[in-house]
Amino acid sequence: MAADKAPFYITTAISYVNGSPHLGHGYEQILTDVMARFKRLNGHDVMFLTGTDEHGQKVAKTAEKNGMEPRDFCDKVAKEFEDLAGLLNISNDDFIRTTEERHYKASQAIWNAIKENNPDDIYLGKYEGWYSVRDEAYFAESELTEGEDTDGNKYKLAPTGAPVEWVEEESYFFRLSAYTDKLLDFYNAHPEFIEPESRRNEIISFVKTGLQDLSISRTNFSWGVPVPGDDKHVMYVWLDALTNYITGVGYPDTESESYKKFWPADYHVIGKDIIRFHCVYWPAFLMAANLELPKKVFAHGFINVQGQKMSKSVGNVISPNDLIKTYGLDQTRYLLMREVPHGQDGNFSHDHAITRINSDLANGLGNLVQRTLSMIFKNCDGSIPEPNEFKDDDHKLLNRAHELVLPLVLEEVDKMRFNRALEAIWRLVNDANAYVDAQAPWALKKEDPERMKTVLYVLAETIRVLGILTQAVTPESSAKILDQLKIDPKARDFSFISKKHILQAGTQIDKPEGIFPRLEAEEKAA
Ligand code: MSP
């Protein structure tokens, strides 16, 4: 359908290429993809950007450890992230790599724009302080904790648990201290800018303590975007990385069609560990460059495994690949969206995964589709039957499908509460299954074949609506459902959830095939 609503621009964080993708990256990709798909289904023209963050000391060091030139190393690992997007059926419109020419141009342009618009905001000085390479972040002495190793050597740790090193070097600074009040005013005027609320409070308290100027260039390594006019310096990796969000829509060409259409972004989807960069530094850089600020930063929680943080040393790192092999792609997407509550950490456990997939997908939606379509195939000459008069129970189910569910779903989707959107959809699945049991069409076959046709028609129509509603989360399986019902691919967006587009009786359907196989407990052993 033609997009008739406001354009919608959504991004994920761009992933560091210092290691292979894990389930945390996969979760963020799926979360963002589900939002992008919901918006497209609801008639928005969507731009969805994801990509890789390839500069900085962390990546340079990892490349060196692997005996590779940074660029070759980045090409190799960036490919893994691009493949991940394919593997997870992510519908991104573009994949940005910060090592691309267009991004060098945009990063240098934002630097120049800050200098032109606010010449005092960038100045040359000397940085003396602590730096965590793992976080690519500066920390004040007061934020650090001290530890001691088994040999009695003292060391300091960032609040993230990462080791810090002392850095002394010539550096350009960004006058962040001048933005304390401007940022607080902005948060005040735009309470929706940071979600969830708890993260907003965290940022406001941090900014209220007063901001320090920020070092925005490095000189003791060279893997980065050169500072315009002084290529002894490379830009601080976060200034370059954050800029990807505007590179992706054509910056520095602010007159380009895509920039005018999509900037400012509607949603930056990120993890809770990087809110300071997105909610403090990024808006301050944009203010200084005289560019518009994004509308929302949504910080999701972390995915833990069997109650523990994923980590190489614990040995519980799960790759998205493992899950897809064990459960299937759409099952994995469903599971992550259904199990992780809005903005909170989610726990992944195999036992729970099997129970959830079997109850909601195999026994819930899958069984509903399978038994309905099989009965139609066997008892109605393989075509959608002509209904007779609708009774109260029929009206009730159809009304729920046509009128009640979509508004509830859209309300939850706008807040990125996909677990609740899915609960709303599954109430319809459960109602439809309860309706099958109550109407018992298998018994009507002999007693009242005309009534059986009406019941099967009502069920097929409910399944059509469910097929449309579930597409954002389980795109391949929903397509199978809609294909089996012979729904025109052009008639699958949310504008077709209405009585006006109700199923055509007489349509021939194919022999039904199972959509969601039941998982056996042994699969968890894998
Ligand atoms: N390169 C920066 C982001 C720059 S955005 C301008 C970065 N990269 S990352 O590879 O470390 O993380 C990418 C995204 O994955 C971040 O949003 C991060 O919060 C998220 N996650 C990393 N581990 C995660 C989990 N275990 N669970 C959920 N998300 C996690 O940060």
Taking every heavy atom of G250 against every heavy atom of S256, the minimum-distance pair comes out as CA-OG, 4.2 Å
One thing to verify: whether E54 and R97 come together as a salt bridge, which I'm taking to mean a side-chain N less than 4.0 angstrom from a carboxylate O. yes
Name all residues meeting the side-chain hydrogen bond (donor to acceptor under 3.5 Å, both in side chains) criterion together with T160; count only those two or more places apart in sequence or in a different chain, and write none if there are none. D135
State, without any angle test, whether N201 and S198 hold a side-chain donor-acceptor pair at a distance under 3.5 Å. no
Not counting sequence neighbours, which residues clear salt bridge (charged side-chain N to carboxylate O under 4.0 Å, His left out) with E461? List them please. R464
Candidates L286, I246, D266 - the one meeting side chain to side chain contact (heavy atoms under 4.5 Å, CB included) with P294: L286
Which pair of non-hydrogen atoms, one from A472 and one from L41, has the smallest distance, and what is that distance? N-CD1, 3.9 Å
Using 4.0 Å as the upper bound for N to carboxylate O, is an ion pair formed by R40 and D93? yes
Can you check salt bridge (charged side-chain N to carboxylate O under 4.0 Å, His left out) on D437 and R371, steps first, answer last? CA-CA 11 Å; D437 295 340; R371 56 185 178 158; 3.2 Å; yes
Distance-only donor-acceptor hits, side chain of residues 16-24, under 3.5 Å, sequence neighbours excluded:
| residue | atom | partner | partner atom | Å |
| --- | --- | --- | --- | --- |
| Y16 | OH | W238 | NE1 | 3.4 |
| S20 | OG | E80 | OE1 | 2.8 |
| H22 | ND1 | G24 | N | 2.9 |

Not counting sequence neighbours, which residues clear salt bridge (charged side-chain N to carboxylate O under 4.0 Å, His left out) with D33? List them please. R37, R333
Please check if the side chain of S258 supplies one atom and the backbone of V249 the other of a donor-acceptor pair under 3.5 Å. yes
Looking at every non-hydrogen atom in both residues, tell me the closest pair between V429 and G364 and how far apart they are. CG1-C, 3.6 Å
Grab the two heavy atoms, one from C279 and one from L183, that are nearest each other, plus how far apart they are. O-CD2, 4.5 Å
Please evaluate residues S495 and D493 with respect to the criterion side chain to side chain donor-acceptor pair (under 3.5 Å), reporting the C-alpha separation (whole Å), side-chain torsions for both, the decisive distance (0.1 Å), and the verdict. CA-CA 6 Å; S495 68; D493 64 59; 2.6 Å; yes
Using modelled atom types and a 3.5 Å cut-off, is there a donor and acceptor pairing between side-chain atoms of R200 and backbone atoms of Y187? yes
Would you say the side-chain atoms of H342 pair up with the backbone N or O of K415, donor to acceptor, closer than 3.5 Å? yes
Set of side-chain hydrogen bond (donor to acceptor under 3.5 Å, both in side chains) partners for E202, sequence neighbours left out: R199
Excluding sequence neighbours, so at least two apart, what forms ring-ring contact (aromatic ring centres under 6.0 Å, His included) with F377? none
Indicate the ring-plane relationship of F81 and H25, choosing parallel, tilted or perpendicular according to the 30° and 60° boundaries. perpendicular
Got a sec, which pairs hit salt bridge (charged side-chain N to carboxylate O under 4.0 Å, His left out) with one end in residues 375-395, sequence neighbours left out? D394-R451
Keeping the roles fixed (side chain from N358, backbone from L519), state whether a donor-acceptor pair exists under 3.5 Å. yes
K486: what forms a side-chain contact (heavy atoms from CB on, under 4.5 Å) with it, not counting sequence neighbours? T507, D510
Contacts of type side-chain contact (heavy atoms from CB on, under 4.5 Å), residue N92, not counting sequence neighbours: F48, T50, A85, I90, F95
In short, I274 meets I270 closest at the heavy-atom pair O-CD1, 3.7 Å
Given 3.5 Å as the limit, does a donor-acceptor pair link the side chain of N419 with the main chain of E339, or not? no
Applying salt bridge (charged side-chain N to carboxylate O under 4.0 Å, His left out) to K396 and not counting sequence neighbours gives none
Can you sort out the partners of K261 under salt bridge (charged side-chain N to carboxylate O under 4.0 Å, His left out), two or more places apart, ordered by chain and number? D45
Heavy atoms from other residues, nucleotides or ligands near CD of E101 exceed 12 (cutoff 6.0 Å): no
Would you call the rings of Y245 and H278 parallel, tilted or perpendicular, taking 30° and 60° as the class edges? tilted
Check the angle between the aromatic planes of W282 and H268 and answer parallel, tilted or perpendicular using the 30° and 60° thresholds. tilted
When you look at CD of Q504, are more than 12 heavy atoms from neighbouring residues, nucleotides or ligands closer to it than 6.0 Å? no
For the residue pair H300 and Y27, does the interplanar ring angle fall in the parallel (under 30°), tilted (30 to 60°) or perpendicular (over 60°) class? perpendicular
To the nearest 0.5 Å, how far apart are NZ in K453 and CG in D448? 10.5 Å
Salt bridge or not for D414 and K39, using N-O below 4.0 Å? yes
To the nearest 0.5 angstrom, please state how far the CG atom of L410 sits from the CG atom of N42. 4.5 Å
Evaluate the side-chain contact (heavy atoms from CB on, under 4.5 Å) criterion for residues F418 and V473: first the C-alpha distance (whole Å), next the side-chain angles of each, then the deciding distance (0.1 Å), finally the verdict. CA-CA 9 Å; F418 298 140; V473 181; 5.8 Å; no
Whether the side chain of N244 engages the backbone of A241 through a donor-acceptor N/O pair (distance < 3.5 Å, no angle test) should be reported. yes
Going by the rule side-chain hydrogen bond (donor to acceptor under 3.5 Å, both in side chains), which residues pair with E100 if we only count those two or more places apart in sequence or in a different chain? R102
Taking E28 for its side chain and T12 for its backbone only, find out whether a donor-acceptor pair lies under 3.5 Å. no
Donor + acceptor pair across side chains of D240, H103 (<3.5 Å): yes
Aromatic ring pairing H190/F186, orientation class (parallel under 30°, perpendicular over 60°, tilted between): tilted
Polar side chain donor-acceptor pair, T247 to T243, under 3.5 angstrom: no
Enclosure of K296 NZ (heavy-atom neighbours >12, cutoff 6.0 Å): yes
